[in-house]
Amino acid sequence: MTLTDVILQQVINGLSLGAMYALLALGFTLVYGILELINFSHFNVFMVGSFIAMYVLQAFGLSGQTTILTGLPLVGVLVAAFAVTMLACGAIGVGIERFLLRPLRAVKGPAAMILTIGVSYVLFNLVILGSGADSKNFPNPLPALQWPIGGAVLRLREVLIWAVSLLLMGGLTYFVGYTKLGKAMRATAQDPEAARMMGVEVDRVIMTAFFLGAALAGAGGLIFGLYYNFTSFIIGFNAGLRAFTAAVLGGIGNVPGAMLGGLMIGLIEAFSGAFIATAWSDVIIFSILVLVLVFRPAGLLGRVAPNKS
Amino acid sequence: MLDKSGRDGSALLEFRSVNTYYGDLHVLKNVDYFIGKGEIVCLLGGNASGKSTTMKTIMGVVRPHSGEVVYDGQPISKLATNERVKRGIAPVLEARRLFPRMTVYENLELGAYTQPRGAQFDEDLERVYELFPRVKERRTQLAGTLSGGEQQMVAIGRALMARPRLICMDEPSMGLSPLFVEQVFDIIQTINRQGTTIFMVEQNANMALSIAHRAYVLQTGVVVLSGSAAELRENEDIKQAYLGEMQVAPT
Ligand SMILES: Nc1ncnc2c1ncn2[C@@H]1O[C@H](COP(=O)(O)OP(=O)(O)O)[C@@H](O)[C@H]1O
Ligand SMILES: [Mg+2]
């Protein structure tokens, strides 16, 4: 492989990882944008999502990498797996908001954030109790199609990840930009009290943000499984931390920022893994985060928050 | 212009012995207001006297601890804000409070949040654009990039998009140049003559009393004076407390 090929290959890998981080980062940013709350339960909603996806795929009779589907059955199984996983995760997100966080809404200080850490650990331990601490072989029905691009290889897996991510991020961008509820969401993020006085049902907006964020995390969990062919109770921590970093890097609260941040973190991870050593990726990722924050505290696309008086 | 405000002496909004608190801080103290259909009623008062709290209590963002707010004959103290907007109460908020990173058009859309889309929306939008040609010119711009006067026009337009019967304005002239202040008061009078009742907090007592029918004076949460605008303009205490500054010769 020439240097160009290696670079090309890492771009392909990095964009796939990055798409997954971006999906996950959006959940942090949607909730933070409205509530200024760092929702740590998001880490493990993602992890639970990958388990739900695994069970759905197994329910279709798939196990490991032995059952390969093509054509309509493949499309049908994937659509069903994404739909069920996203709806189930969305429901978990809504449940966390409605029953655990809403009663704390009026409480100032770190209580809500601490609660999300607690929820995260409960989910983490429930998964260990329910399905054990070993890592699971994730069913992958994708045929081993691949296309050479120069000396690099583009696999069906990556094409699928990009297509799904583009669809979801395009859908979210449309929702936030052009629908009535999406506009209410942006208004609420900018001035919740004024939005309320326009007649916006702020509770409904908050619930929607949790639903969408958690549903996207579910899609991310399924993508994780398809990408790495395994899942485990532990995956939420690493992926979640990187996605959170991506959200901060792009400017937390900013939707395009989360997408940009996610792609950047994915690319940095891929390149540092290939050119330096995988062990160094975290050092590099988090050093870049620190540098960006020192010079642009509000993140790449974020605004410096005006002092609320 | 023909006056279609429809004043007939009946109440559109009433406060009956309303008390409000922020924690232990007692803000409104046994407050009574009567806003008749078709009137412009002005609420005067010094800083921190509870004027904005009055507006927030009408919108349901602050709930009375005791007493009742009655709108169109119905008690509304327990109604959600969204339901009040649906019934025709719209705010022009203190310091305008537009959504700064949304376009002027999107701000107007949010004003119409409780209204159905369709012919009625287009009609209301046309009306706002007619009242404020500047708002139409600026419709694709982000609201945060507009001048203070232009923002106030958007804020009033945004309230009109809700098809209100009652508009509650919190210091609409705050921070505006004298030219804009005059325009804003003209517009308020026009809107009132077209049939919308106005309850307005103002520091600019001179201007406010010149267009208002009646006024209340609030002092540390207590209504200390009320009467017709003409009466209050002649009142010595008011002259000293609120009109005095305006009469100081420019230096
Ligand atoms: N959200 C709040 N929490 C606590 N105190 C408040 C709040 N809003 C207003 N206050 C207090 O209530 C009093 C009345 O405020 P406000 O109604 O805003 O006065 P005005 O509009 O007449 O200047 C003031 O003492 C103010 O400090
Ligand atoms: Mg005030």
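As a basis for the values below, the full set of heavy atoms in this structure was taken, side chains included, without hydrogen atoms, waters or symmetry mates. So that the names make sense, note that chain A is the first sequence line, chain B the second, and so on, each numbered from 1. Every value quoted in this text rests on a predicted model; they were computed, and no experiment measured them.
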With chain A, the option among R101(B), R97(B), R158(B) that has the most non-hydrogen atom pairs under 4.5 Å is R101(B)
Less than 4.5 Å to any heavy atom of chain A: does that hold for the side chain of E94(B), its backbone, both, or neither? neither
Any side-chain to backbone donor/acceptor pair from R96(B) onto L93(B)? Under 3.5 Å, distance only. no
With only heavy atoms counted, which part of K86(B) is less than 4.5 Å from chain A, the side chain, the backbone, both or neither? neither
Per-residue tally against chain A (heavy atom, under 4.5 Å) across N82(B), V61(B), T81(B), T114(B) peaks at N82(B)
Under 4.0 Å between a Lys/Arg side-chain N and an Asp/Glu carboxylate O for E68(B) and R16(B)? no
Please check if the distance between the ring centroids of Y33(B) and F199(B) is under 6.0 Å. yes
Taking a cut-off of under 4.5 angstrom between non-hydrogen atoms, the residues of residues 176-185 of chain A near chain B are G177(A), K180(A), L181(A), K183(A), A184(A)
Residues Q141(B) and T103(B): side-chain donor-acceptor under 3.5 angstrom: no
Would you check if the side chain of T245(A) reaches a backbone N or O of L241(A) as a donor-acceptor pair within less than 3.5 Å? yes
Indicate the ring-plane relationship of F40(A) and F244(A), choosing parallel, tilted or perpendicular according to the 30° and 60° boundaries. tilted
Max heavy-atom pairs within cutoff under 4.5 Å with chain A, candidates P100(B), A112(B), G60(B), goes to P100(B)
Inter-residue atom distance R84(B).CZ - Y71(B).OH, 0.5 Å rounding: 11.5 Å
Which atoms of M59(B) are under 4.5 Å from chain A, going by heavy atoms: the side chain, the backbone, both sets, or neither? side chain
Student check: side-chain heavy atoms of M102(B) and L110(B) closer than 4.5 Å: yes
Using side-chain heavy atoms (C-beta onward) and a distance below 4.5 Å, is F185(B) in contact with E202(B)? yes
At a heavy-atom separation under 4.5 Å, does E83(B) approach chain A through its side chain, its backbone, both, or neither? neither
Salt-bridge test for R186(A) and E106(B): reply yes if a basic N is under 4.0 Å from a carboxylate O, no otherwise. yes
Under-4.0 Å salt bridge between D72(B) and R165(B): yes
What are the residues of residues 249-263 of chain A, in order of number, with any heavy atom under 4.5 angstrom from a heavy atom of chain B? none
Before accepting this row, confirm whether a basic side-chain N of the pair R163(B)/D124(B) lies closer than 4.0 Å to the acidic partner's carboxylate O. yes
Do the charged groups of R117(B) and D122(B) touch, with an N to O distance under 4.0 Å? no
